[in-house]
There are 2 protein chains.
Amino acid sequence: MKVRVHVSLKPGVLDPQGRAVHHALEGLGFSGVEDVRVGRLIELDVADGTPDAALDEMCRKLLANMVIENYRIEKLETA
Amino acid sequence: MKVRVHVSLKPGVLDPQGRAVHHALEGLGFSGVEDVRVGRLIELDVADGTPDAALDEMCRKLLANMVIENYRIEKLETA
């Protein structure tokens, strides 16, 4: 089973990487960009019977830093 | 307009970060994890009229390294 975990900084947490990207986009001449936030996208291939609780625990224990980050788990249909 | 750009390594490209996460998950006792790939999730807030071509160009020029990475652009409905 394929699972995608989206990890993004909580609103209000300063994002220097996002700011650098924003600045670089402006430097390249792209106008109209108002905000940029950079997060992580983790693609897991787990055994089919893996319970949601286990996925949640993976995120809380390792994949996301719960102090400054939010996560969202997205299960992909087995193709 | 909110736009999400998903950047992931192309299949076949070695992913040391993903391997480290995989190893750490096993160390924490999570079994059944077969593969882990780590990518980036970039959230852009752009002006409403921004054409798709401009978004595409941002990805090709800055957000993704086209040699080793793929990207996918997802436009979010303006809430």
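Letters A, B, ... are given to chains in the order of the sequence lines, protein chains preceding strands, and every chain is numbered from 1. Heavy-atom basis, side chains included; hydrogens, waters and symmetry copies ignored.
Rounding to the nearest 0.5 Å places NZ of B:Lys61 at 10.5 Å from CG of A:Leu25. The line from CD of A:Glu43 to CG of B:Asp15 is 9.5 Å long, rounded to the nearest 0.5 Å.
Note: A:Leu44 leads A:Leu63, A:Val7, A:Leu44 in heavy-atom pairs under 4.5 Å with chain B. The candidate from A:Arg4, A:Glu34, A:His22 with the greatest count of non-hydrogen atom pairs under 4.5 Å with chain B is A:Glu34. When the candidates B:Gly18, B:Ala47, B:Gly39 are compared by the number of heavy-atom contacts under 4.5 Å with chain A, B:Gly39 comes out ahead. Of all the listed residues (B:Asp35, B:Val21, B:Val46), the one sharing the greatest number of non-hydrogen pairs under 4.5 Å with chain A is B:Asp35.
B:Val38 approaches A:Arg40 most closely through the heavy-atom pair CG1-CD, 4.4 Å.
The cluster map of Ile, Leu, Val, Met, Phe, Trp and Tyr, joined by side-chain heavy atoms under 4.5 Å apart, puts B:Leu41 and A:Leu9 in different clusters. Both B:Val67 and B:Val13 belong to a common hydrophobic cluster when Ile, Leu, Val, Met, Phe, Trp and Tyr are linked at side-chain heavy-atom distances under 4.5 angstrom. A continuous path of hydrophobic side-chain contacts links A:Ile42 to A:Met66 [ILVMFWY only; heavy atoms under 4.5 Å].
Both the backbone and the side chain of B:Glu57 come within contact range of chain A, each with at least one heavy atom under 4.5 Å from a heavy atom of that chain. Contacts between A:Ser8 and chain B at a heavy-atom distance below 4.5 Å involve the side chain alone, from C-beta outward. Using a 4.5 Å cut-off between heavy atoms, A:Leu28 contacts chain B through its side chain alone, with no backbone atom that close.
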